[in-house]
2 protein chains.
Amino acid sequence: MGASARRGPYFCGIDAAMDVVAGKWKSLILWELHQHGTRRFAELRRGLPGVSEKMLIQHLREMEEDGLVHREVYHQVPPKVEYSLTEDGVSLNAALAPLGEWGTERMRRIGAGRVLVDGAAATGR
Amino acid sequence: MGASARRGPYFCGIDAAMDVVAGKWKSLILWELHQHGTRRFAELRRGLPGVSEKMLIQHLREMEEDGLVHREVYHQVPPKVEYSLTEDGVSLNAALAPLGEWGTERMRRIGAGRVLVDGAAATGR
DNA sequence: TGGGGTACGCACCTGCGGGTAAGTACCAGT
DNA sequence: ACTGGTACTTACCCGCAGGTGCGTACCCCA
C-alpha cells in the first residue's frame, strides 16, 4: 500500500517517464544495473551509498511492477536474489543517457563535486 | 526559503539533471516554453491545467536560479512578464526528448490515456 | 556459541512538496 | 461602481516520500 496509485493519465510522454523514474534512487538503480548487468540485493545496497534497505526494496518492487527490472529468486539458503534490467529498463536507460550527459556538463559548469566511494571511478560520466 | 538547499554533491550526471527537473511541473514548463518560445505568466498557467499559482511561480523562480529560464519584466501597468528558455534550458529540453519518446511509447503500451485540453493536440509526442 | 551475512517485513516518525485561500496595487471595460 | 485581468505574496495545512530501527529464518565461519 502506498506504493503505486500512479499510472494516472499523463499530459505527455515526459511525465509518463518521469512518473516511472520518480523516486530518490530509481535512476541510480537503473544506472547501477546497467553498468553491472546483474546485481544481488546486497551488491546494490553497497553500490548506492546512503540508501536504506526499505527504500531499495520498495523501489525495486515498483520498478518490477513497471516492467523495468527482472527479479530472479534462487530458492536456496542463504537466500539469493538477482536483479537485472528488462528490455524496457535498458531502453529507458538509453533514453536517460543524454540527460546524464547534460547533467555531467552542468556539474562541470557549476562545479558541483561528484561523490564517489568506489575506487572504480574514472570510467567517466 | 525552502526553495533551494539543493546542488548537493551528486553521484552522477543523471541525478544532477534530475535535481533540476524535480518538481511536479518543471518538465511541463520546459515543454510549454519550448513549444511556444515565449510565454507570459497567465499563459503558462492556462497551459498547465491544474497548476497552482504558487507552484508555478516557485518553480519558475527555481528554474531561473538554475539558469534554465529567462525572466523579462516590462515595467508597465498592468504588469507584464515574459518567460523564455535560456540556452541551458533549450539543451536540457533536447536531452529530455528521448525520455519523452520513451514515455510516449510506454503510454501506448500500457494504454494510459493522455489528458489533452488544447485543441492543439495531434502534433505528436 | 556468538557474530556476521543474506533478503527482506513492519511499525513509527518527520520533513517538505505541494495545495488552498486570501490579500495587493493598478487598470480596462461595461 | 463593479467585475475581471495582470503578476504575484503570504499564511496555513496536509499527505506521503523517505528515514530509522527492530525482527525474522537460516546458514557459515571462527
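In what follows, chains carry the letters A, B, and so on, assigned in the order in which the sequence lines appear, proteins first and then strands, with residues in each chain numbered from 1.
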- Would you please test B:D15 and A:K24 for salt bridge (charged side-chain N to carboxylate O under 4.0 Å, His left out) and show each step? CA-CA 9 Å; B:D15 71 331; A:K24 201 173 177 182; over 6 Å; no

For the pair made of [atom1] in [X] and [atom2] in [N], what is the distance, rounded to whole Å?
X     : N      : atom1 : atom2 : answer
A:Q76 : D:dC28 : CD    : C1'   : 14 Å
B:R45 : D:dA7  : CZ    : P     : 8 Å
A:R61 : C:dC8  : CZ    : C1'   : 7 Å
A:H75 : C:dC8  : NE2   : C1'   : 14 Å
A:K80 : C:dC8  : NZ    : P     : 13 Å
B:I57 : C:dG19 : CD1   : P     : 14 Å
B:Q58 : C:dC16 : CD    : P     : 13 Å
A:E62 : D:dC16 : CD    : P     : 13 Å

Can a side chain N or O of [X] be found less than 4.0 Å away from OP1 or OP2 on [N]?
X     : N      : answer
B:R40 : D:dG5  : no
A:R46 : C:dT6  : yes
A:H59 : D:dG18 : yes
B:R39 : D:dA7  : no

- Just compare C:dC8, C:dG18, D:dG19 and give me whichever is closest to any side-chain atom of B:M55. C:dG18

- Item | Given C:dG18, D:dT9, D:dG5, the nucleotide with the shortest approach to the side chain of B:P78 | D:dG5

- Query: Of A:K24 and A:V77, whose closest DNA chain D nucleotide lies nearer the 5' terminus?
  - Reply: A:K24

- Item | DNA chain D: 5'-proximal contact among A:G50 and A:P79 (nearest heavy atom) | A:G50

- Message: Taking any heavy-atom pair under 4.0 Å as a contact, classify A:Y74: base, sugar-phosphate, or nothing.
- Response: nothing

- Item | Presence of donor-acceptor pair under 3.5 Å, side chain of A:K54 and base of D:dG18 | yes

- Checking side chain to side chain donor-acceptor pair (under 3.5 Å) against B:Y83, which of B:R39, B:E64, B:R71 comes through? B:R71

- Salt bridge flag under 4.0 Å for residues B:R40 and B:E43: no

- B:E72/B:K80 ion pair, N-O < 4.0 Å: no

- Message: Are there over 12 heavy-atom neighbours, none belonging to A:Q76, within less than 6.0 Å of that residue's CD?
- Response: yes

